[in-house]
Every structure is written in structure tokens, then in C-alpha cells.
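Note: hydrogens, waters and symmetry copies are ignored here, and every other heavy atom, side chains too, is used.
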Amino acid sequence: MNERDRGAGTVLALALALVVVLSCVAGALVVEGFAAAAKAARAADLAALMAADVERGLRPGQACAAAETVARLNGAALVSCEIESPGERVRVSARVPMSSGWGSAERRARAGRPP
């Protein structure tokens, strides 16, 4: 073994370890993004269903206030609430921040009178 080659295996092992660690971090961020997107979709769906029930008169209150409460209870923030057809259909948008602080996931949902 040449004296110049001494320690080359250590540098290679450290570089490989760094690649593995960065891959794990990137994978964790991707998984967190999928989880946040699913949580935002669930919150938007449930908020839209509640707002539609209120708009149709099946529950008391105001549609968008009820949607905001449901979104908050599901760990999301209500971004928008729009009544498309009075007494029939609503559209909401909910946002869930990622715990890593690398952004947020936002999803939309519509609900209304069954066909």
C-alpha cells in the first residue's frame, strides 16, 4: 500500500455515510409531505361536508364558521370558504404546515346536495 493512499478508505466511508444520511433526511421530508397532504385533504373534505350541511339547513350556524372549526379540530387552517350555490354547494381550502418548517400542504374540497 502506497503512503499516499493511506486514509482514502476513511474518506470514502465518510462520504458514503454522508450520502446515506442525506438520503434518509430527504426521504423523511418526502414522507412528511405526503402525510401533510393527506391531513390537509381530510381536513378540507370534512370542513366542506360540515359547511354543506350547515348551508343546507341540516345543522345550525354559519357555513364558513363551521368549516373553520372543523378544519382547526383536524389540525388545519381554513384558507378559503366559498358558497358556490346558496343552500346547496360550498368549496373550501385547508392548509397544514409541515412540522419541519419546509412548507405546507394545501388541499381543496367541494360538497353539497347529493344528486
Side-chain angles (χ1 to χ4, degrees):
M1 186 162 142
N2 196 353
E3 188 61 36
R4 286 181 30 199
D5 293 338
R6 198 169 166 92
T10 303
V11 173
L12 183 61
L14 287 175
L16 184 59
L18 181 62
V19 168
V20 169
V21 168
L22 290 177
S23 296
C24 289
V25 169
L29 287 174
V30 168
V31 169
E32 182 186 14
F34 283 131
K39 188 174 184 180
R42 182 179 60 242
D45 288 343
L46 292 173
L49 287 170
M50 176 57 89
D53 282 354
V54 171
E55 189 61 26
R56 291 177 50 215
L58 301 175
R59 301 224 181 236
Q62 293 184 351
C64 290
E68 184 173 6
T69 300
V70 170
R72 184 175 28 84
L73 289 173
N74 283 281
L78 190 68
V79 176
S80 67
C81 178
E82 174 186 340
I83 298 171
E84 287 184 350
S85 300
E88 287 189 28
R89 218 174 17 250
V90 296
R91 179 183 304 200
V92 300
S93 178
R95 178 181 295 141
V96 173
M98 290 176 47
S99 61
S100 64
W102 282 79
S104 61
E106 185 173 328
R107 294 294 182 261
R108 292 175 284 193
R110 289 173 53 184
R113 184 176 305 277

Atom of [X], atom of [Y] and distance for their closest heavy-atom approach:
X     : Y      : result
Ala48 : Val90  : O-CG2, 3.5 Å
Glu32 : Met98  : OE2-C, 3.4 Å
Asn74 : Val70  : ND2-O, 2.8 Å
Cys64 : Leu78  : O-CD2, 3.8 Å
Ala44 : Ala109 : O-CB, 3.5 Å
Ala51 : Ala67  : CB-CB, 3.9 Å

Test your reading of the model: is there a side-chain donor-acceptor pair from [X] to the backbone of [Y], 3.5 Å cut-off?
X      : Y     : value
Glu55  : Ile83 : no
Glu84  : Arg91 : no
Arg107 : Val96 : no

More than 12 heavy atoms of other groups within 6.0 Å of [X] [atom1]:
X     : atom1 : answer
Arg59 : CZ    : no
Gln62 : CD    : no
Arg56 : CZ    : yes

query: With hydrophobic residues grouped by side-chain heavy-atom distances under 4.5 Å, do Met50 and Leu46 end up in a single group?
result: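 Yes, Met50 and Leu46 fall within the same hydrophobic cluster.
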field: Val25, Val21, Val19, Val20 screened by side chain to side chain contact (heavy atoms under 4.5 Å, CB included) with Ser23, the one that passes
entry: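 Answer to the side chain to side chain contact (heavy atoms under 4.5 Å, CB included) test with Ser23 among Val25, Val21, Val19, Val20: Val19.
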Distance, nearest 0.5 Å, that separates CG of Asp45 from CG of Leu49: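 One gets 6.5 Å once the value is rounded to the nearest 0.5 Å.
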task: For the residue pair Ser93 and Glu106, establish whether any side-chain heavy-atom pair is separated by less than 4.5 Å.
output: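 They are in contact (side-chain heavy atoms under 4.5 Å apart), so the answer is yes.
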